[in-house]
Amino acid sequence: MNRNVNACLICGKELIYQETAKTMECSICHRLFPSNACCADGHFVCDECHEAQGLQTIRSVCLSETSKNPIFLAQKIMADPFIYMHGPEHHVLVGAVLLTAYKNAGGDLDLPKALSIMEERGKQVPGGVCGFWGSCGAGISTGIYFSILSGSTPLSGTSWGLSNQMSSRALKSIGEHGGPRCCKRDSFLSILEAAKFTEEKTGVKMEIPEQISCSFHEENGQCLKKHCPFHP
C-alpha cells in the first residue's frame, strides 16, 4: 500500500463516494463490507486494513515521547508512511496525542491503559463519517479523549456533559472551516480546541506552537490551499 494523492491505497486513483452503501470486497483481506466508497477502478480497502499498521505507530510514538505538545506528536505520527493523507486512523490519532500530552503535562493518567481504550473506541468510528454523519471522526475523537480522562460513562453527570461539550467545540471549529474533508486540517483544529478546553476544565496546560504549518498539502487532491489556516 502506498500514500497516494486522492486516497486509493491500491492504485492511487480518486475515491468515488455514493450516497447509498453497497457490499464490497476489501482488496487486501477479501472480506465483504458495506461501504459508500471505492476508487475509479473499483478498489475498496476496509477500515481495519487501512489503519492496522498506522495504529501500531500511534501507540509506539505516544508511549515513547515526553512532549507536552499534541501538535508536535500528531505531526510526528502523521509523517509515518502508514498514516495516510485521509483515513480512520485519525479517529484514534487525535485522542491518543491528546492523552499523551495531557499525561506529559502533569495530568493524572494511566497512559498505556488510556491509549488501549482510545484505540478500542476510536476504531469504532468509521471512515467517511464527516460527510455521511455530519460528525467528523477527528472531532469525535476529542470527545472520546475527554471521556477517558474524566472517566465518563452513559450514566455520568458532569463528565458526561463535558465530554459532549468537548466534541461540540471541535466539530464547531471543523464545520466553520468548511469542506471538503481533510484529515490533517480537521485533526489540527480538533487538537487546538481540545487543548484549550482541557486547560479551562482541568487546569492542565499543554504546549501549543504559535504557528502550525502543514507539510502534507501536496498529498491532498482537495486541499483548500490559501483558505486553510495551516497551509504554508
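Throughout, numbering of the chain's residues begins at 1 and tracks the sequence.
- Within the model, atoms CG of Leu162 and OG of Ser147 stand 11.5 Å from one another, a figure rounded to the nearest 0.5 Å.
- Contact of the Ile174 side chain with the Ser190 side chain is registered, since non-hydrogen atoms from C-beta on lie closer than 4.5 Å.
- Checked by atom type and distance alone, the side chain of Ser173 never pairs as donor or acceptor with a backbone atom of Ala170 at under 3.5 Å.
- For the residue pair Thr198/Tyr145, the side-chain donor-acceptor check at 3.5 Å is satisfied.
- Using a 4.5 Å cut-off on side-chain heavy atoms (C-beta onward), Asn69 and Pro209 make contact.
- A heavy-atom distance below 4.5 Å is found between the side chains of His177 and Pro229.
- His91 has its side chain out of reach of Gln124: every pair of non-hydrogen atoms, C-beta onward, lies at least 4.5 Å apart.
- At a threshold of 4.5 Å between side-chain heavy atoms, the hydrophobic network of Ile, Leu, Val, Met, Phe, Trp and Tyr places Leu93 and Ile208 in one connected group.
- One finds the CZ atom of Phe230 at 11.0 Å from the CD atom of Gln211 (value rounded to the nearest 0.5 Å).
- Residues meeting the side chain to side chain contact (heavy atoms under 4.5 Å, CB included) test with Asn104, sequence neighbours left out: Lys68, Thr100.
- By the neighbour-count criterion of 12 heavy atoms within 6.0 Å, atom CD of Glu48 is sparsely surrounded, having that number or fewer from other residues, nucleotides or ligands.
- Of the possible donor and acceptor atoms, one in the side chain of Ser64 sits under 3.5 Å from a partner among the backbone N and O of Val61.
- Met166 has its side chain out of reach of Lys201: every pair of non-hydrogen atoms, C-beta onward, lies at least 4.5 Å apart.
- Under the 4.5 Å side-chain contact rule for hydrophobic residues, Trp133 and Val92 share a cluster.
- Of the possible donor and acceptor atoms, one in the side chain of Ser141 sits under 3.5 Å from a partner among the backbone N and O of Gly95.
- Tyr102 is not listed as a side-chain neighbour of Leu111, based on a closest heavy-atom distance of 4.5 Å or more.
- Between the side chain of Asp47 and the backbone N or O of Gly127 there is at least one donor-acceptor pair closer than 3.5 Å.
- At least one donor-acceptor pair under 3.5 Å links the side chain of Asp80 to the backbone N or O of Phe82.
- Within the structure, the salt bridge (charged side-chain N to carboxylate O under 4.0 Å, His left out) test picks out no pair touching residues 111-135 (sequence neighbours left out).
- Within the 4.5 Å cutoff, side-chain heavy atoms of Ile83 are placed close to those of Ile58.
- Thr142 places no side-chain N or O within 3.5 Å of a backbone atom of Ala138 that could act as its donor or acceptor partner.
- Listed by chain and number, the residues in a side chain to side chain contact (heavy atoms under 4.5 Å, CB included) with Thr66 amount to none (sequence neighbours excluded).
- In this structure, Phe33 is not a member of the same hydrophobic cluster as Val45, with clusters built from ILVMFWY side-chain heavy atoms closer than 4.5 Å.
- Remark: Met24 CE to Cys38 SG distance equals 4.5 Å, nearest 0.5 Å.
- Not counting sequence neighbours, the partners of His217 by the ring pair (Phe, Tyr, Trp, His ring centres under 6.0 Å) test are His231.
- Considering OG of Ser187 and CG of Leu98, their distance stands at 10.0 Å, rounded to 0.5 Å.
- Remark: Met78 CE to Phe188 CZ distance equals 4.5 Å, nearest 0.5 Å.
- Remark: the backbone N or O of Pro34 is not paired with any side-chain donor or acceptor of Thr23 at under 3.5 angstrom.
- In this structure, Ser168 contributes its side chain and Gln165 its backbone to a donor-acceptor pair below 3.5 Å.
- Residues Leu63 and Val97 share a hydrophobic cluster, clusters being chains of Ile/Leu/Val/Met/Phe/Trp/Tyr side chains in contact below 4.5 Å.
- Applying the ring pair (Phe, Tyr, Trp, His ring centres under 6.0 Å) test to Phe197 and every residue at least two apart in sequence or in another chain returns Phe146.
- Looking at residues two or more places apart in sequence or on another chain, you find a salt bridge (charged side-chain N to carboxylate O under 4.0 Å, His left out) between Arg169 and Glu193, Glu200.
- Residues Leu224 and Leu15 do not share a hydrophobic cluster, defined by chaining ILVMFWY side chains whose heavy atoms lie under 4.5 Å apart.
- No donor-acceptor pair under 3.5 Å is formed between the side chain of Lys13 and the backbone N or O of Cys39.
- If you take CH2 on Trp160 and CG on Leu155, they are separated by 11.0 Å, rounding to the nearest 0.5 Å.
- Contact check for Glu89 versus Ile77: no side-chain heavy atoms found under the 4.5 Å cut-off.
- One finds no salt bridge joining Lys184 and Glu219 here, because no Lys/Arg side-chain nitrogen approaches an Asp/Glu carboxylate oxygen to under 4.0 Å.
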How far apart are the C-alpha atoms of Ile212 and Leu192, what are their side-chain angles, what is the distance that settles it, and do they pass the side chain to side chain contact (heavy atoms under 4.5 Å, CB included) test?
CA-CA 10 Å; Ile212 301 172; Leu192 291 176; 3.8 Å; yes
